[in-house]
Amino acid sequence: MEIYNTLTRRKENFQPREPGKVWMYVCGPTTYNYIHLGNARPLVFFDTVRRYFASRGYDVLYVQNFTDVDDKIINRAAEQGVDPFSLAGKYIGEYYRDADALNVRRADIHPKVSEHIPEIIEFVKNLVDNGSAYVVDGDVYFEVRQFPGYGKLSGRSLEDMQAGARVEIDVRKRDPMDFALWKSAKPGEPSWDSPWGPGRPGWHIECSAMSLKYLEANFDIHGGGFDLVFPHHENELAQSEAATGQPFVRYWVHNGFITVNEEKMSKSLGNFFLVREILAKFPPETVRFFLLSTHYRSPLDFDSEKLDAAGRGLERIKTSIRLLSEALEKKNGETEAAAATELNAALDALNASFEAAMEDDFNTALAIGVMFDLAREVNTSVQRLSGGIARVDREVLQKAMSLFSSFNEVLGIFRTDENSGRILLEGPGGNGAGLAEELINLIIDIRQQARARKDWAVADQIRDGLKNLGIVLEDTPQGVRWKKQG
RNA sequence: GGCGACAUAGCCAAGUGGUAAGGCAGAGGACUGCAAAUCCUCCACUCCCCGGUUCAAAUCCGGGUGUCGCCUCCA
């Protein structure tokens, strides 16, 4: 297993702290708004990382925080005249709706800042006591000059940063780069009592306090977007190592940005698309597929045409899975003619390729390519089957279906049935079809009668009419197949 | 100004020394009442440009050009 480590700027062989276990922490959202697509990328990617480790038999402990105490929340709440905690609570709920839609599994622990104030105060106190931090007028600052490794994660020295000189000078700070661990309360803001007076935590300290609480020093993976490398993660690293005297994190993993017209999608540029806006227009599996179709460290440019193209590609995979389930429903054949022997030979190789792709720094783009190869192999075999299927074929086809399932278990593109683990697709047999499905079947029957008397005008009228409603018909020698348009 | 990343076909995209995966779009063929789906075939003598190293480079080195990002809240 090779993972690109931001700290060393190269791929490294993954050696977990403890054999068979992975301890990982990912920076979650500040909950003052609905999440946008840019927020969704790390969610989906790290969910995939976690799924992959789990599929390899690792025992994964996954922690993702909510920042529910923050300037932006306080400001937004003030604008709306509501309580900041209820505002944050609302958007945490909305976060889960979006994440669930994208088939992102819940983290094992979702800690909130507001529920870890004592730990944070303790952490800050520790840093003050050991000389890493100092107190000014009820504020507490981390003193970067006291930490020799400051800048090692983002690859810049304090001198470089001074040269940049885009930091506003606060004369109370000993160094312009010193950052707040604890901020004294302003009137009307939520605050907690502390040894330095009433106040609230700075931004970076929460992640150190919470990750170390649940995962302890030298945990395996710390993730987030590239824009968090500096200052957020640099500061986390400094204060954590200053506090514990031990390495903080083994592998730092950062995902690239979603861009719009090649520009970073961000709240400040105003060019962001909310996840729920996109989900109103595209199926969630298409969105997830799109997010995973590019390597996580590369930028991913978003627009509707690209999402459309992704959807058409995904349709190919879906069709293959449908054809496969259809074939498996056939009765046993008389003969033992093995149509699927070539497929059998290919399956093991495909499985190995998929795994190799994921082992190489989570190359989901390559892994998806393998899934397309599987689709082709399956389609070729299934096409050869007619009438009943031989027992040997059935075994191979079942194996192919398990392979789709195991790929999907990692990529999380399609929903699966909780009990059987089977992949669920829209269309016949899908959930919640009910009356609509029966009506469609009725119309198809009528069309079949028209076809039987070669009344092509009526047959085509029905087919075109259904297509306009998003129902696509396919005539096959075995009967009519229909599906909802993806 | 400091630091860093990237540049592969019409589009998306994988590929860190051995002679360009995969998908979308497009062309031809098989199948079909016609379609759709599926299968087969074709679609980058070449990987931004210029030098260099090497038997061999999209892949390594040097120099350009271009795009993007971080240095300020941001995933």
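Because only heavy atoms are used, hydrogens play no part in the values below, and waters and symmetry mates are left out as well, while side chains stay in. Everything numeric here is computed off the predicted structure, so don't read it as measured data. Below, chain A is the first sequence line, B the second, and so on; all start at residue 1.
In this structure, CZ of R297(A) is placed 16 Å from P of G4(B), rounded to the nearest angstrom. Whole-Å rounding puts the F230(A) CZ to A5(B) P distance at 17 Å. H232(A) places its NE2 atom 13 Å from the P atom of C71(B), with the value rounded to the nearest Å. Atom CZ of R76(A) and atom C1' of C74(B) are 14 Å apart (whole Å). Rounded to an integer number of Å, the gap from D360(A) CG to A21(B) P is 18 Å. Rounded to a whole Å, the CG atom of N235(A) is 11 Å from the P atom of U72(B). Straight-line distance from the NZ atom of K318(A) to the P atom of U38(B): 13 Å, rounded to whole Å. Following rounding to the nearest Å, L291(A) (CG) and A75(B) (P) show an atom-to-atom distance of 15 Å.
The partner of C68(B) is G4(B), judged by Watson-Crick or G-U wobble contacts that both fall below 3.5 Å. Pair assignment for U16(B) gives none, since no Watson-Crick or G-U wobble pairing has each distance under 3.5 Å. A 3.5 Å limit on both hydrogen-bonding distances identifies G10(B) as the Watson-Crick or G-U partner of C24(B). Across all strands shown, nothing is found opposite C34(B) as a Watson-Crick or G-U wobble partner with both distances under 3.5 Å. Across all strands shown, nothing is found opposite A44(B) as a Watson-Crick or G-U wobble partner with both distances under 3.5 Å. Under the Watson-Crick or G-U wobble criterion, with both distances below 3.5 Å, C39(B) is paired with G29(B).
A perpendicular orientation is assigned to the rings of Y91(A) and Y34(A), their planes being inclined by more than 60° (bins at 30° and 60°). Using cut-offs of 30° and 60° for the angle between ring planes, the F142(A) and F179(A) rings count as parallel.
Of the C1' atoms belonging to A44(B) and C11(B), the separation is 14 Å, rounded to the nearest Å. With both ends at atom C1', the span from A20(B) to A75(B) equals 33 Å, rounded to whole Å. Using atom P as the reference point in both C60(B) and G17(B), the two lie 8 Å apart (nearest Å). Taking atom C1' on both nucleotides, A35(B) is separated from G23(B) by 24 Å, rounded to a whole Å. Distance check on atom P: G63(B) versus A25(B) gives 43 Å, rounded to whole Å. The gap from the P atom of A21(B) to that of U41(B) amounts to 14 Å, rounded to the nearest Å. Here, A57(B) and G18(B) have their P atoms 11 Å apart, quoted to the whole Å.
Scored by the side chain to side chain donor-acceptor pair (under 3.5 Å) test, R41(A) finds no partners at all (sequence neighbours excluded). Listed by chain and number, the residues in a side chain to side chain donor-acceptor pair (under 3.5 Å) with D100(A) are R106(A) (sequence neighbours excluded). Checked against side chain to side chain donor-acceptor pair (under 3.5 Å), S191(A) has no partners two or more places apart in sequence or in another chain. Listed by chain and residue number, S320(A) satisfy the side chain to side chain donor-acceptor pair (under 3.5 Å) test with N379(A) (two or more places apart in sequence, or in another chain). Take D220(A) and apply the side-chain contact (heavy atoms from CB on, under 4.5 Å) test, not counting sequence neighbours, and it matches F14(A), P16(A), R17(A), V22(A), W23(A), R250(A).
Residue-level contact check: M265(A) touches the bases, meaning some heavy atom is under 4.0 Å from a base atom. Residue-level contact check: F226(A) touches neither bases nor backbone, having no heavy atom under 4.0 Å from any strand. Across all strands, G223(A) comes closer than 4.0 Å to no nucleic acid atom at all (heavy-atom distances). Using a 4.0 Å heavy-atom criterion, one finds that G38(A) contacts the bases of the nucleic acid, with or without backbone contacts as well. Among the heavy atoms of the strands lying under 4.0 Å from T319(A) are primed sugar atoms or P, OP1, OP2 only; no base atom is included. Among the heavy atoms of the strands, none lies under 4.0 Å from L314(A).
The distance from the CE atom of M177(A) to the OH atom of Y150(A) is 4.5 Å, given to the nearest 0.5 Å. From L292(A), atom CG reaches atom CG of N363(A) across 11.0 Å, with rounding to the nearest 0.5 Å. Note: R145(A) CZ to D178(A) CG = 8.5 Å, rounded to the nearest 0.5 Å. The line from CG of N5(A) to CZ of R9(A) is 9.5 Å long, rounded to the nearest 0.5 Å. Between atom NZ of residue K399(A) and atom CG of residue L347(A) there is a gap of 5.5 Å, rounded to the nearest 0.5 Å.
Not a single donor-acceptor contact under 3.5 angstrom links the side-chain atoms of K264(A) to the base of C68(B).
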Heteroatom pairs (N/O) under 3.5 angstrom, protein to nucleotides 57-62 of chain B:
none

So which protein nitrogen or oxygen atoms get under 3.5 Å of nucleotides 12-14 of chain B's nitrogens or oxygens?
from, atom 1, to, atom 2, distance (Å)
A14(B), OP1, H295(A), N, 3.0
A14(B), O3', N363(A), ND2, 2.8

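Judged by closest nucleotide on RNA chain B, E263(A) is the one of E263(A) and L228(A) placed further toward the 5' end. Nearest-nucleotide assignment on RNA chain B puts the 5′-proximal partner with F289(A), out of F289(A) and I258(A).
Residues S184(A) and D139(A) have side chains that bring a donor and an acceptor to within less than 3.5 angstrom of each other.
Of the candidates C74(B), U38(B), G23(B), the closest approach to any side-chain atom of R376(A) belongs to G23(B).
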Report task. Spell out protein contact along nucleotides 24-36 of chain B as letters: B when the base is contacted, S when just the sugar-phosphate is, - when no protein heavy atom is under 4.0 Å; keep the 5' to 3' order. Result -> SS-------BBBB

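Contacts between residues 3-13 of chain A and RNA chain B, counted as heavy-atom distances below 4.0 Å, involve no residue at all.
The side-chain hydrogen bond (donor to acceptor under 3.5 Å, both in side chains) pairs that include a residue from residues 200-211 of chain A are N65(A)-E206(A), T67(A)-E206(A), D71(A)-R200(A), E189(A)-R200(A), H204(A)-H232(A), H204(A)-N235(A), S208(A)-Q239(A), S208(A)-S240(A), where partners are two or more places apart or lie in different chains.
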Could you list the donor-acceptor pairs under 3.5 angstrom formed by side chains in residues 365-372 of chain A, with sequence neighbours left out?
none

Give the table of side-chain donor-acceptor pairs shorter than 3.5 Å for residues 255-263 of chain A, with sequence neighbours excluded, one pair per line with atom names and distance.
from, atom 1, to, atom 2, distance (Å)
N255(A), OD1, G225(A), N, 3.4
T259(A), OG1, D301(A), OD1, 2.6

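Y251(A) and H222(A) have their aromatic ring centers separated by at least 6.0 angstrom.
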